[in-house]
Amino acid sequence: MLNRSLMLKFWLLVIVIAKSLPMNSPAYGEVIQRIPQQVIPRIPQQVIQTNPHQPESFQERIRQQQEDQTQQTQEQFEETWLRLHFQQPQQQQQQLRIQQQEFSRQREELRRQQQLRLQQQETRLQQQEFTRQQQLRIQQQQLRQDQELRQQQELRLEQQRRQQELRQQNENL
């Protein structure tokens, strides 16, 4: 929007300069040549005053040159107008596509990172569960060993007690 505003101001400045130059000045022809026809609906043809001392063909050649210059100016303007109005939006669309692709890439990368975090968390949970199961097995094994040891001790004590009873009985006899 700012670019179009600047272009309009530029062309208005060119028009003001062109109007201030005398019509027979070489600079006038150069400035007029650069003014697009859409900005000024129609540039009036220079009034060619007929000079009785100049032949008609010379006047005709000047008029033809001016028409050619006007046609060239019109074509240049149309080319510039097309470039500004069609290539800029295409560039903006291309830039938008690139931004959308970058956004999609970043979103995909974020999704991949989240998936990786979830997998790592799942792995940690599995490791914790495995460790818990191992500790539980170790505790159960220790409990069994303790029970076996107790049973063995109780059995020894029982045996010792019987032996002692038997000795006492034998001594009493």
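This structure is a prediction, so every number in the text was calculated from the model and none was measured. Below, each value reflects all heavy atoms present in this structure, side chains not excepted, and no hydrogens, waters or symmetry copies.
- Residues Arg137 and Gln141 are not in side-chain contact: their nearest non-hydrogen atoms beyond the backbone lie 4.5 Å or more apart.
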Residues Gln106, Glu102; criterion side chain to side chain donor-acceptor pair (under 3.5 Å); working and verdict: CA-CA 6 Å; Gln106 288 175 353; Glu102 178 64 19; 3.1 Å; yes
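- Tested against Gln115 for a side-chain contact (heavy atoms from CB on, under 4.5 Å), the candidates Gln119, Arg117, Gln113 yield a single pass: Gln119.
- Atom CD in Glu154 sits 10.5 Å away from atom CD in Gln147 (nearest 0.5 Å).
- Atoms CG and CD, from Leu157 and Gln164 in turn, are 11.0 Å apart once rounded to the nearest 0.5 Å.
- Side-chain contact between Arg111 and Arg107 is absent, with no heavy atoms from C-beta onward closer than 4.5 Å.
- Here the CD-CG distance, from Gln160 to Leu155, works out to 10.5 Å after rounding to the nearest 0.5 Å.
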Full working for side chain to side chain donor-acceptor pair (under 3.5 Å) between Gln64 and Asp68: CA-CA 6 Å; Gln64 184 62 42; Asp68 291 345; 3.1 Å; yes
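- A distance of 12.5 Å separates CD in Gln163 from CZ in Arg156, rounded to the nearest 0.5 Å.
- The pair Glu129-Arg132 meets the salt-bridge criterion, with a side-chain N (NZ, NE, NH1 or NH2) lying under 4.0 Å from an Asp/Glu carboxylate O.
- Taking 4.5 Å as the limit, some side-chain heavy atom of Leu110 sits within range of a side-chain heavy atom of Gln114.
- Rounded to the nearest 0.5 angstrom, Arg124 CZ and Gln126 CD are separated by 11.5 Å.
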Stepwise salt bridge (Lys or Arg N to Asp or Glu O under 4.0 Å) check, Arg105 with Glu108: CA-CA 5 Å; Arg105 187 194 66 74; Glu108 184 62 30; over 6 Å; no
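- Environment of CZ in Arg161: crowded, with over 12 heavy atoms of neighbouring residues, nucleotides or ligands closer than 6.0 Å.
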Worked verdict on Gln128 versus Leu125 for side-chain contact (heavy atoms from CB on, under 4.5 Å): CA-CA 5 Å; Gln128 288 173 352; Leu125 287 173; 3.7 Å; yes
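- If you take CZ on Arg167 and CD on Glu165, they are separated by 11.5 Å, rounding to the nearest 0.5 Å.
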